[in-house]
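Have a look at the structure below, then the notes.
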Amino acid sequence: MTREVRVRFAPSPTGALHIGGVRTALYNYLLARQNKGTMILRIEDTDQTRFVQGAEDYILKSLEWAGIKIDEGVGVGGPYAPYRQSERKAIYQKYAQQLLDEGNAYYAFDTEQELDEMRERLKAAGVDNQQYNSITRLQMRNSLTLSKEEVDNLITSGTPYVIRLKVPKKEEVRLNDMIRGWVMVYSSAIDDKVLMKSDGMPTYHLANVVDDYLMKISHVIRGEEWLPSAPLHVLLYKFLGWENEMPQFAHLPLLLKPDGNGKLSKRAADQLGFPIFPLTWKDPESGEVAAGYKESGYLPEALINFLAFLGWNPGTTQEIFSMDELIQAFSVDRISKAGAKFDIQKAQWFNQHYLRSKPAEELAEFLLDSLKKENVPCTLDKAIKIVSVMRDRVTFPKDFWEQGRFFFFAPTTFDEGVVGKKWNDDAVKVLSAYSQEISKLNSFDAVIAKSILEDVTKALGIGSGKIMQALRVSVTGTAGGPDLMIIMEIIGQDEVVKRITYALQTLKTVIS
RNA sequence: GGUCCGUUCGUCUAGGGGUUAGGACACCAGAUUUUCAUUCUGGUAACACGGGUUCGAUUCCCGUACGGACUACCA
């Protein structure tokens with residue numbers, strides 16, 4: 001039986017979407033598109049205490065920026081609406097009731113304090129696992145130990161209660177993960193998880209299983225952190241009678257910190273100076289602002305390509321993939337098992353690649369954007385010229401401006417290394433003569449600039465190579481950059497003369 | 001502690017019973033470039049360990065070590 005591919009990305013609106021979440025969404029999306037299936041966005045907001053204003057909108061915007069399109073779900077609607085779990089309360093209650101009726105779940109009235117005491121007691125007795133399970137539940141206050149009357153009384157009197165899953169004592173629970181193969185766990189290792197909280201909301205486990213079933217999800221692709229609870233979910237499918245409709249599971253390897261070990265965290269990213277969120281995020285509580293990939297100058301296609309390769313590869317030597325190519329090439333079998341350390345240098349390499357391959361007109365817009373912020377006027381024509389000569393030396397859009405300031409402003413300081421080494425009598429002689437010659441010209445461009453320089457150096461008997469660096473530093477203030485003659489052409493005749501003259505005056509004192 | 005998952009260059013990874021263990025990023029060197037960058041060429045660098053199975057294991061099996069995830073009325 002081949003069933004229609006329906007996958008979901010199901011984040012919680014508890015803050016900004018983590019970069020690992022973007023990769024999870026991406027893999028889901030790739031599988032959906034490849035199989036002409038459906039990509040669903042479901043918001044798992046069953047924990048009302050952790051709800052963060054604006055988080056849902058942030059998730060939507062992030063996915064949109066990344067080029068991950070949602071076919072169905074929050075923001076677009078669909079046949080299985082609502083797609084926000086907080087709006088599906090009654091549905092979960094119905095299935096919880098079914099589990100209760102069939103003896104697979106029970107009411108529990110234990111207070112937090114009683115739970116703590118139980119764990120303390122077990123710990124003191126040397127029990128390894130202090131969990132609420134087939135053994136300990138017999139000592140707790142629940143519908144298994146209390147009489148029917150007591151239970152009814154407690155409920156009607158408004159005593160808070162939860163509904164717990166009645167996990168069988170000893171049973172093998174198996175699951176065939178698409179990435180890891182068969183995983184087997186004894187039910188004795190699973191505790192009687194809370195299914196419905198005392199506020200009437202379901203926990204992740206119940207809501208997830210119910211929704212995946214009702215929304216006809218075919219593949220559950222999610223992070224490895226869910227692997228330990230997957231057997232519990234299998235148990236739920238079984239108890240609910242949905243074993244045959246159970247989706248296929250694929251638990252993705254985790255994204256790890258670049259240095260040391262452990263899950264990639266915001267803290268680690270902050271320390272190493274790279275973003276962890278797709279877009280800039282301002283925490284509504286603390287007001288703290290965290291940088292995003294977009295605002296840091298990463299192109300979405302570069303981020304996507306980079307992320308796709310963190311835990312997956314096509315098995316060929318091709319590394320550059322557009323979204324469409326990824327859709328073609330993707331396969332769950334080629335997802336690796338081990339966690340992947342996050343290497344921002346590789347991300348930068350992708351960014352550089354994608355940036356460079358854009359047409360000059362598009363790159364010019366980046367420059368113009370920066371200039372607008374600085375209130376520096378510039379024509380589109382000039383911007384195109386500048387980005388054309390700069391394109392091979394930039395990694396981020398902002399580099400055009402940051403490394404190309406001299407196209408707009410005369411240098412106020414001069415690279416000390418160059419001045420120390422190359423600013424000498426010969427250089428001064430050539431530059432004085434050269435600026436004079438240029439000032440006499442009627443027309444000026446790179447070719448003319450070059451031939452005049454050749455004439456001047458020849459006349460003075462000084463090799464042009466010896467003074468090039470001095471000329472460069474006088475015009476740009478820097479030691480490196482694109483072809484100097486073209487820079488001078490863009491800057492223009494008058495400005496070049498002015499800059500050389502200024503450098504000559506300012507740096508006079510260097511030669512003693 | 002318990003349960004589960006994992007382990008090939010510094011990093012992402014390919015590979016698979018006999019290979020010069022391949023590629024990419026990073027790094028280093030050379031060439032090109034008036035400079036920096038680009039580009040090109042080359043280089044350093046890996047099968048965690050111990051036992052099996054086998055003529056032969058990095059590859060299969062079992063242990064060990066190490067790492068990670070989970071262990072809430074969070075997801």
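In this text the structure is predicted, and so the values were computed from the model without any measurement. Note: hydrogens, waters and symmetry copies are ignored here, and every other heavy atom, side chains too, is used. Numbers restart at 1 for each chain; the letters A, B, ... are given by sequence-line order, proteins then strands.
Within the 4.0 angstrom heavy-atom criterion, only backbone atoms of the sugar-phosphate kind lie near A:Arg334; the bases stay farther away. Heavy atoms of A:Gly223 sit nowhere under 4.0 angstrom from any nucleic acid atom. Looking at heavy-atom distances under 4.0 Å, A:Ala479 makes contact with a base. Residue contacts shown for A:Ser336 are limited to sugar-phosphate atoms, with no base heavy atom under 4.0 Å away. Looking at heavy-atom distances under 4.0 Å, A:Met184 makes contact with sugar-phosphate atoms alone, never a base. Counting non-hydrogen atoms under 4.0 angstrom, A:Asn129 reaches a base of the nucleic acid. Residue-level contact check: A:Leu484 touches the bases, meaning some heavy atom is under 4.0 Å from a base atom. Here A:Thr316 lies out of heavy-atom contact (under 4.0 Å) with every strand. As judged by a 4.0 angstrom heavy-atom cut-off over every strand, A:Lys263 is placed among residues touching the sugar-phosphate backbone only. Looking at heavy-atom distances under 4.0 Å, A:Ser464 makes no contact with the nucleic acid at all. Contact annotation for A:Asn313: backbone-only contact, meaning every heavy-atom pair under 4.0 Å involves sugar-phosphate atoms and none involves a base.
Separation of the C1' atoms belonging to B:rU13 and B:rU7 is 14 Å when rounded to the nearest angstrom. Rounded to whole Å, the separation between the C1' atoms of B:rC9 and B:rG15 comes to 14 Å. B:rC49 and B:rG10 are spaced 13 Å apart, taking the P atom of each and rounding to whole Å. Nucleotides B:rA21 and B:rC25 place their P atoms 22 Å apart, quoted to the nearest Å. Using atom P as the reference point in both B:rG23 and B:rC40, the two lie 15 Å apart (nearest Å).
As rounded to whole Å, 11 Å separates atom P of B:rC4 from atom CD1 of A:Ile190. The separation between A:Glu225 atom CD and B:rA69 atom P is 10 Å, rounded to whole Å. B:rC25 atom P lies 13 Å from atom CG of A:Asn305, rounded to whole Å. At whole-Å resolution of the value, CZ in A:Arg472 and C1' in B:rU34 are 8 Å apart. Residue A:Tyr434 contributes atom OH, which lies 15 Å from atom P of B:rU34 at whole-angstrom precision. Summarising the geometry, the separation between CZ on A:Phe306 and C1' on B:rA24 is reported as 13 Å, rounded to the nearest angstrom.
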Below 3.5 Å is the cut-off: list the nitrogen or oxygen pairs between protein and nucleotides 27-29 of chain B, distance only.
none

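Ring geometry for A:Tyr27 versus A:Phe330: interplanar angle of 30 to 60°, hence tilted. Between A:Phe321 and A:Phe309, the ring planes lie tilted relative to each other; the angle falls in the 30° to 60° range. Taking the six-membered ring for Trp and thresholds of 30 and 60 degrees, A:Phe306 and A:Phe342 have ring planes more than 60 degrees apart, a perpendicular arrangement. Between A:Phe409 and A:Trp401, the angle of the ring planes goes over 60°, which puts this pair in the perpendicular group of the 30/60° scheme.
Nucleotides of RNA chain B nearest to A:Tyr161 and A:Leu310 differ in position, and the one nearer the 5' end is that of A:Leu310. Comparing A:Gly480 and A:Val183, the nucleotide of RNA chain B nearest to each residue sits closer to the 5' end for A:Val183.
With sequence neighbours left out, A:Phe406 forms a ring-ring contact (aromatic ring centres under 6.0 Å, His included) with no residue at all.
Figure legend: cation-pi geometry between A:Arg222 and A:Phe249 absent, as NZ or CZ is not positioned both under 6.0 Å from the six-membered ring centre and within 45° of its axis.
Base pairing analysis places B:rU20 opposite nothing; no Watson-Crick or G-U wobble pair with both distances below 3.5 Å involves it. Within the shown strands, B:rG2 is the pairing partner of B:rC70 under the Watson-Crick or G-U definition, both distances less than 3.5 Å.
Listed pair A:Lys197 / B:rA75 meets the phosphate criterion, a side-chain N or O lying under 4.0 Å from OP1 or OP2.
Nearest to the side-chain atoms of A:Asp47 among the listed nucleotides B:rC74, B:rG1, B:rC12 stands B:rC74.
The one candidate from A:Arg42, A:Arg84, A:Arg8 that meets the salt bridge (Lys or Arg N to Asp or Glu O under 4.0 Å) condition with A:Asp211 is A:Arg42.
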